[in-house]
Amino acid sequence: MTPERRKLRRAELIQRIRSVERMQSVAAASEAEATRARLFGVAERTRSLAAHYAQREGDIVGADLRSGKAMGDQLQRLTELSEKQAEEAELQSQAKREVLAQSDMRLRKAKESRRDLVRQIVASLEKG
């Protein structure tokens, strides 16, 4: 096998590797975004439920007051936790999108490198 052919096969292999890397990055970014959306939805529903229980405090009497207040407090803590998880999911989603952007750049460079190598080989064959 000629050195040019070896170089071309290597460039093609690198391009395939970069393509697979990009597909994995796309899948990871998509999963992170879905998790983020799901957690933000949970946070919003929990916040809404906590607001509902906070409004009911005026309607609650006697023994219901303690359990209603406890439920409201618990929902408030749950809201804070779900918001924190949603924020962490947002950060992870951003990180996955950055990885995707980097893999896109590496794939683009691999394609350009392969294209340049093909041009060099064609040019050397035309001269030879």
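Computed from a predicted model, the values in this text were never measured in an experiment. All heavy atoms count here, side chains included; hydrogens, waters and symmetry mates do not.
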Problem set entry | Residue pair Leu100 / Ala29: nearest heavy atoms and the distance that separates them | CD2-CB, 4.4 Å
Exercise. Could you give the distance from CD (Glu88) to NZ (Lys84), rounded to the nearest 0.5 Å?
Worked result: 5.5 Å
Problem set entry | Between NZ on residue Lys109 and CZ on residue Arg106, distance to nearest 0.5 Å | 9.0 Å
Exercise. Hey, mind stepping through Thr35 and Gln92 against side-chain contact (heavy atoms from CB on, under 4.5 Å) and telling me if it holds?
Worked result: CA-CA 10 Å; Thr35 300; Gln92 287 179 353; 5.7 Å; no
Exercise. Hey, which of Glu112, Arg18, Glu21, Gln102 is the one that makes side-chain contact (heavy atoms from CB on, under 4.5 Å) with Leu107?
Worked result: Arg18
Problem set entry | Gap separating the NZ atom of Lys111 from the OG atom of Ser113, nearest 0.5 angstrom | 13.0 Å
For this session: Please check if Val26 and Val20 belong to a single hydrophobic cluster, counting links between Ile, Leu, Val, Met, Phe, Trp and Tyr side chain heavy atoms closer than 4.5 Å.
Result: no
Exercise. Taking Ser93 as the fixed residue, which of Glu98, Glu33, Glu31 is the one that meets the side-chain hydrogen bond (donor to acceptor under 3.5 Å, both in side chains) rule?
Worked result: Glu33
Exercise. What is the distance from atom CG of Leu75 to atom OG1 of Thr46, rounded to the nearest 0.5 Å?
Worked result: 7.0 Å
For this session: Compare every heavy atom of Phe40 with every heavy atom of Glu87, then report the nearest pair and how far apart it is.
Result: N-CZ, 4.4 Å
Problem set entry | Cationic N near anionic O, under 4.0 Å, Arg6 to Glu12 | no
For this session: Please name all residues satisfying salt bridge (charged side-chain N to carboxylate O under 4.0 Å, His left out) with Glu44, sequence neighbours left out, ordered by chain then number.
Result: Arg47
Exercise. Is atom CD of Gln74 surrounded by more than 12 heavy atoms (other residues, nucleotides or ligands) closer than 6.0 Å?
Worked result: no
Exercise. Do you know the tightest heavy-atom contact between Ala86 and Arg36?
Worked result: O-CG, 4.2 Å
Seminar exercise, completed: So OG of Ser82 and CG of Leu39: to nearest 0.5 Å the spacing works out to 8.0 Å
For this session: Please answer: with hydrophobic residues joined when any side-chain heavy atoms are less than 4.5 Å apart, are Val122 and Leu117 in the same cluster?
Result: yes
Problem set entry | Trace of the side-chain contact (heavy atoms from CB on, under 4.5 Å) decision for Glu4 with Lys7 | CA-CA 5 Å; Glu4 290 86 12; Lys7 287 180 186 177; 5.6 Å; no
Exercise. When rounded to the nearest 0.5 angstrom, what distance separates OG1 in Thr2 from CG in Leu8?
Worked result: 9.0 Å
